[in-house]
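Counting starts at 1 for both ligands and their atoms, following the listed order.
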Amino acid sequence: MISVEEALERILGLVEVLEKEEKPILDCLGQVLGEDAYASFDVPPYDNSAMDGYALQSASTVGATAESPSILRVIGEIAAGHVSTLSVEAGTAVRIMTGAPMPKGADAVVPFELTDEVERRHAGRHGKQVGIRCSVGIGANVRYAGEDIKRNGLVMRRGKLLRPAAIGVLASLGKASAVVIRRPVIGILATGDEVLDISQPLPPGKIYNSNSYSLACQVRSSGGIPKLLGVAPDRAEQLSAALRCGLDCDMLITSGGVSLGDYDVVKDVLAAEGDVSFWTVRMKPGKPIAFGVFERKGEKKVPHLGLPGNPVSSMVTFEIFARPAIRKMMGMVDFSRRYVTAIMEGSIRNADGRRVFARVTVSKKGGQYFAKLTGSQGSGVLTSMLEADGLAVIPETVVAVEPSDLVEVMMLDWNEVDGF
Ligand code: AMP
Ligand code: MG
């Protein structure tokens, strides 16, 4: 038996970061930047007003109060999006809107609320003059050019995961497209004579193929592009043919056919077609997995991950091994999920020294997290994954967890950003 870490290390050792692609920024959400991004101009590009108010010289407001306002002559107005030739001098002001370029000579803005504009309007004396009711310093309510991003500055390093704000920053720099690491295409093949596609009526002795669908969605939410390769029966020729259909993918994931009781043919084919080894991993669920590479005629090798057939085992082993592999291919460096420490509300037995991944709901009460088993933990009980917010990770050395013991829970839905 090998440890979870050892298995993961071997898997990550065989997958590589994929090539770059350039595409419109809106399509880059959740991908990793492939090149450093520099600013070719200041953001904001010009000094502008942070408020609707009056642009003026701060010196014109010295000593101004509500009782004794500084009365300034209003020489015009500037709306956002318009450049003005107005020039502010001592004793004058320009009415200015948020985002409008600062007029020449002005060094501060006083917002409307701190002027007598409203009263003048009511009195019908609006327009020619304004009373400023406070004194302001140089730079008050002014946003300077380059305040957000400096011209020629490094804005984002390659390797950065593009979240919504990053896409917005690229847009603020006028970049319509970005160079990112492309998403991996992951071929998904179910195996088993008893496994039937969901388009068919269900005869006795058969079950529907659920694994391909849960795995495809896990691929998608990890950032990859799933390619469903159907269901292969436990027969050598058909299995080989189905596998070959997946050799143009960046990684192949199969489910089923790797446990001890399986028809040897599945293992034989995997071993014959590729350089695949079978591991017993010290974990529960999901002990048996296969891993290796398939040769793509003379080209680079396609990594293959053979997950167990039991629906929960296939999802949990995907989470532990396939998700990090996909994220590595996408150029990410931090593959780990977020963990919370929670008080266990039930008991868990760990009889055979494996690492247990128990499906739990997580709630927060009084500043403390609580974890509760989602019900039957059988590896065939897919509904135990339905309500799971996370996987409580019980170390190999812990034989039992009792109510109110602390457990570490790997949260399943706390992605930094979904891969869509
Ligand atoms: P195996 O790993 O092939 O021995 O399969 C273990 C269990 O998982 C068996 O009960 C299979 O019927 C079931 N199983 C295998 N593949 C699938 C699948 N694609 N969808 C749902 N259940 C499956
Ligand atoms: Mg099988």
Colleague: Is a donor from one side chain sitting under 3.5 angstrom from an acceptor on the other, for Thr361 and Glu387?
Modeller: no
Colleague: Just heavy atoms, cut-off under 4.0 Å: does Val195 contact ligand 1 by side chain, backbone, both, or neither?
Modeller: side chain
Colleague: Please could you name the atoms of ligand 1 that Ser259 approaches to less than 4.0 Å, counting only its heavy atoms?
Modeller: 2 (O), 4 (O)
Colleague: Hey, which atoms in ligand 1 end up nearer than 4.0 Å to a heavy atom of Tyr208?
Modeller: 20 (N), 21 (C)
Colleague: Please confirm whether Phe291 and Phe278 have ring centers closer than 6.0 angstrom.
Modeller: no
Colleague: Note the single closest protein heavy atom to atom 3 (O) of ligand 1, along with its residue, its atom name and the distance in Å.
Modeller: Gly257 N, 2.8 Å
Colleague: When you measure from atom 14 (N) of ligand 1 to every protein heavy atom, which one gives the shortest distance, and what is it?
Modeller: Gly309 O, 3.3 Å
Colleague: Could you tell me which atoms of ligand 1, counted from 1 in the order shown, lie closer than 4.0 angstrom to a heavy atom of Ile207?
Modeller: 12 (O), 21 (C), 22 (N), 23 (C)
Colleague: Could you list the atoms of ligand 1 found under 4.0 angstrom from a heavy atom of Asn211?
Modeller: 16 (N), 17 (C), 18 (C), 19 (N), 20 (N), 21 (C), 23 (C)
Colleague: Check whether Phe370 forms a cation-pi arrangement with Lys365 (NZ or CZ under 6.0 Å from the six-membered ring centre, at most 45° off the ring normal).
Modeller: yes
Colleague: Taking all non-hydrogen atoms of both residues into account, name the closest pair between Ser384 and Arg359 and its distance.
Modeller: OG-NE, 3.2 Å
Colleague: Among all protein heavy atoms, pick out the one at the shortest distance from atom 6 (C) of ligand 1; state its residue, atom name and that distance to 0.1 Å.
Modeller: Asn310 N, 3.6 Å
Colleague: Hey, is ligand 1 close enough to Ala190 that some N/O pair sits below 3.5 Å?
Modeller: no
Colleague: Mind checking whether Glu194 has an N or O less than 3.5 Å away from an N or O of ligand 1?
Modeller: yes
Colleague: For Ala50, does its backbone N or O pair with a side-chain atom of Asn141 as donor and acceptor, under 3.5 Å?
Modeller: no
Colleague: Non-hydrogen atoms of Ser210 versus ligand 1: any pair closer than 4.0 Å?
Modeller: yes
Colleague: Looking at atom 19 (N) of ligand 1, what's its closest protein heavy atom, distance included?
Modeller: Asn209 OD1, 2.9 Å
Colleague: What verdict does the side-chain contact (heavy atoms from CB on, under 4.5 Å) test give for Ile343 and Leu406, after you've listed the backbone C-alpha separation in whole Å, the side-chain angles of each residue and the deciding distance to 0.1 Å?
Modeller: CA-CA 5 Å; Ile343 296 175; Leu406 289 179; 3.8 Å; yes
Colleague: Just by distance, with hydrogens left out, do Lys206 and Gln200 show a side-chain donor and acceptor under 3.5 Å apart?
Modeller: no
Colleague: At the 4.0 Å heavy-atom cut-off, does Thr191 count as touching ligand 1?
Modeller: yes
Colleague: Any idea which heavy atoms bring Ile188 and Pro226 closest together, and the distance?
Modeller: CD1-CB, 4.0 Å
Colleague: Does Gly192 reach ligand 1, in the sense of a heavy atom lying below 4.0 Å from it?
Modeller: no
Colleague: Output yes when a side-chain donor or acceptor of Asn350 lies under 3.5 Å from a complementary backbone atom of Val398, and no otherwise.
Modeller: yes
